[in-house]
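Written out below as structure tokens is the structure these notes cover.
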2 protein chains.
Amino acid sequence: MKIGLRHIRYFLVLAEDLNFRRASEHLHISQPALTRTIQHLEAELQVTLFDRSQNFVRLTDAGRAFREGGQRVLNGMEATIDLTRRVSIGEAGALRVGYTDFAIADALPELLKQFHQRHPGITVRPHHGVTTTQLQELRDDKLDIGFVTGPVRQPGFHSRVVQTDRPICIVPEGHRLASRASVTLADLADEDFVHGPAEAWAHFYDYLFPLCRKAGFQPRIVQEAFNSVGILGLVSCGMGITILTESIYDFATGGLVPLPLSDIAEEMVTEAVWASENLRLPAQHFVDFLEHQHKS
Amino acid sequence: MKIGLRHIRYFLVLAEDLNFRRASEHLHISQPALTRTIQHLEAELQVTLFDRSQNFVRLTDAGRAFREGGQRVLNGMEATIDLTRRVSIGEAGALRVGYTDFAIADALPELLKQFHQRHPGITVRPHHGVTTTQLQELRDDKLDIGFVTGPVRQPGFHSRVVQTDRPICIVPEGHRLASRASVTLADLADEDFVHGPAEAWAHFYDYLFPLCRKAGFQPRIVQEAFNSVGILGLVSCGMGITILTESIYDFATGGLVPLPLSDIAEEMVTEAVWASENLRLPAQHFVDFLEHQHKS
DNA sequence: GTTTCCGATGCATAAAAGGTATCATGAAAA
DNA sequence: TTTTCATGATACCTTTTATGCATCGGAAAC
């Protein structure tokens with residue numbers, strides 16, 4: 001015979017009442033059933049849990065130890081069942097969210113904050129990554145929702161625009177264009193550019209390069225940095241200029257001058273993207289939340 | 001039907017194997033029995049724990065949550081059973097030890113340290129208290145072992161001497177006797193004494209006062225402090241002199257002069273004392289440990 | 001097409017848990 | 001002192017639960 005939760009439940013009630021008859025009534029069973037269950041429990045443990053006589057029933061030291069442990073086990077069981085149920089209906093769980101520098105600098109923090117208010121049981125696990133990486137992680141089911149540089153038009157994915165940015169040119173203080181109120185792309189044709197690695201930043205390049213080509217030049221990338229902070233750092237060192245968004249520029253520490261680009265009409269979009277099938281419940285809730293955001 | 005530990009055990013093995021037949025073999029039951037147990041578990045939880053087809057079995061998100069919680073519950077159960085067994089044979093448990101200033105200043109720390117080495121599962125719970133208090137707590141089963149000022153000759157108690165102290169006179173710097181190499185009790189007949197309250201320190205007074213009476217005087221207590229540190233403090237303030245033990249004097253901060261008492265032969269004893277019946281196992285182990293100390 | 005492996009189901013059996021009646025014992029009441 | 005009452009333990013039987021065996025239906029491998 002093995003010890004089960006039933007033994008613990010019966011034991012705990014008896015440890016509370018210290019009276020077999022009353023305890024058996026509280027448990028809605030007969031007194032002999034309780035007696036036998038406690039006997040089986042003690043036999044299995046090979047430990048006397050109660051000192052009994054006709055006059056009194058009291059816990060032994062071992063009984064007290066078992067009461068504490070048993071209570072913990074029962075509480076743990078209840079909590080586990082509750083959590084499991086909540087996970088099964090999507091009230092609890094983990095949501096793996098990928099984000100780019102562009103997303104985290106602007107729309108994402110407020111979005112996640114509001115989502116957490118609506119679904120406090122869901123833990124958001126943020127994963128930083130460029131667009132290419134995130135799309136691959138979505139395919140590999142390493143990510144539930146990605147926040148990437150759009151537009152995303154891949155089969156098997158759905159997406160929704162959450163943020164649009166008008167790009168600006170950023171030059172170091174003292175640069176020949178630093179005193180201009182605004183610039184055009186053509187003004188930048190002969191400049192040295194600082195940017196991210198071509199593979200990782202492919203989606204941003206897909207947005208920027210066609211615009212430059214239309215303005216009649218191909219940007220000359222002379223320095224590469226891993227992320228936007230690194231890019232801004234290299235620009236402030238005078239290594240070149242760059243084109244990023246205003247929200248990113250807000251993170252810069254100084255030594256930089258932002259210049260509006262007067263001839264760019266197309267905005268850069270950041271989209272939430274997710275696999276169109278087999279969405280986990282937390283991800284489904286997030287998608288619903290995004291739709292709800294749109295309406296309100 | 002209710003969820004039991006059996007369900008969890010079966011579930012965990014299946015969650016490991018992800019194959020009903022192999023899991024049932026590991027559990028030494030038939031495959032249909034496992035299938036039905038998992039079905040019952042899912043029905044009771046109203047949660048699907050496994051996605052199953054003929055080709056694969058895999059955990060759902062809820063199943064993963066249940067696996068973590070279930071593992072914790074099982075571990076907790078195992079730990080509880082183990083602890084209960086250890087308590088029942090006295091390998092684990094709590095030992096409530098009372099001690100006086102005299103005991104803690106000398107023999108007790110080393111004694112407890114060695115006891116802990118021998119019985120690492122037993123947690124010693126120290127309770128500070130004067131002799132009178134400790135004896136009452138022993139009667140009320142609030143204490144397992146007392147370390148008190150002896151000799152204790154009370155019915156229902158056993159005791160064992162663990163420490164003997166030769167008392168010394170302690171005077172403030174600059175006192176008229178401070179330059180003496182030693183003093184006799186008679187030299188102190190006209191001094192003001194600092195000591196503890198008569199009720200609480202009764203056992204110490206029972207030792208000291210007969211000696212003074214034999215020397216022809218009754219000490220004049222002019223100040224009372226709660227404990228020996230307080231007494232030493234008042235002495236160093238010049239409120240009077242006192243008679244305590246050398247080990248207590250070692251705790252003094254300064255401004256005091258110890259003087260041997262050349263005419264006292266009787267030493268002050270500190271004894272371990274315990275109820276002679278119904279000893280808890282940890283206390284029994286401590287008593288055995290004390291006897292063993294004696295032999296070695 | 002046949003075989004093989006998978007999880008699910010029907011049915012009979014074994015094991016566990018429960019209920020009723022009753023006993024032995026010690027304390028309290030008469 | 002005797003009687004009564006309440007307690008926990010036991011005996012015996014019933015109900016519930018768990019298990020094993022045989023088998024099904026379906027997908028993949030050969």
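Order of the sequence lines sets the chain letters (A, B, ...), proteins ahead of strands, with each chain counted from 1.
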- line: Rounded to whole Å, CD of E25(B) lies from P of dC6(C) at a distance of 9 Å

Atom-pair distance (CG on L41(B); P on dG7(C)), nearest Å: 17 Å

task: Write down the distance between CZ (R58(B)) and P (dC6(C)), rounded to a whole number of angstrom.
output: 17 Å

field: Closest-nucleotide 5' rank along DNA chain C - winner of L18(B) and R36(B)
entry: L18(B)

query: How long is the line joining CG of L27(A) and C1' of dG8(D), in whole Å?
result: 16 Å

message: Please confirm whether the shortest side-chain N or O distance from N19(B) to OP1 or OP2 of dC6(C) is below 4.0 Å.
response: yes

- request: Keeping the roles fixed (side chain from E271(A), backbone from V152(A)), state whether a donor-acceptor pair exists under 3.5 Å.
  value: yes

query: F20(A) has a side chain; which of dA8(C), dT20(C), dA9(D) sits nearest to it?
result: dA9(D)

task: Indicate yes or no: at least one non-hydrogen side-chain atom of T149(B) is less than 4.5 angstrom from one of F102(B).
output: yes

query: Within the structure, does a side-chain N or O atom of T35(A) lie under 4.0 Å from either OP1 or OP2 of dA9(D)?
result: yes

task: Just call it for Y10(B): base, sugar-phosphate, or nothing, with non-hydrogen atoms closer than 4.0 Å on any strand.
output: sugar-phosphate

- prompt: Once you round it to whole Å, what is the distance between P of dG18(C) and NZ of K2(B)?
  reply: 13 Å

statement: Rounded to whole Å, CZ of F56(B) lies from P of dG26(D) at a distance of 17 Å

task: Quickly work out the I38(A) CD1 to dA17(C) P distance and round it to whole Å.
output: 12 Å

- prompt: Can you tell me if T133(A) and E137(A) form a side-chain donor-acceptor pair at under 3.5 Å?
  reply: no

task: Examine dT7(D): is either OP1 or OP2 under 4.0 Å from a nitrogen or oxygen in the side chain of R21(A)? Give yes or no.
output: yes

message: I need the CG-C1' distance between L14(B) and dG7(C), as an integer number of Å.
response: 11 Å

query: Given that Q39(B) and P32(A) both sit by DNA chain C, which one's nearest nucleotide is further toward the 5' end?
result: Q39(B)

- request: For dC6(C), take OP1 and OP2 only and decide whether either is under 4.0 Å from a side-chain N or O of N55(B).
  value: no

- prompt: Under 3.5 Å, side chain of R6(B) to main-chain N/O of G4(B), donor-acceptor pair present?
  reply: no

First of R22(A) and T37(B) reached from the 5' end of DNA chain D, by closest nucleotide: R22(A)

query: Parallel, tilted or perpendicular for H119(B) and H285(B), by the 30°/60° rule?
result: parallel

- prompt: With respect to the side chain of H40(B), which nucleotide from dA18(D), dT20(C), dA8(C) is positioned closest?
  reply: dA18(D)

message: Taking the minimum atom-to-atom distance to the side chain of R6(B), which one of dC21(D), dA17(C), dA18(D) wins?
response: dA18(D)

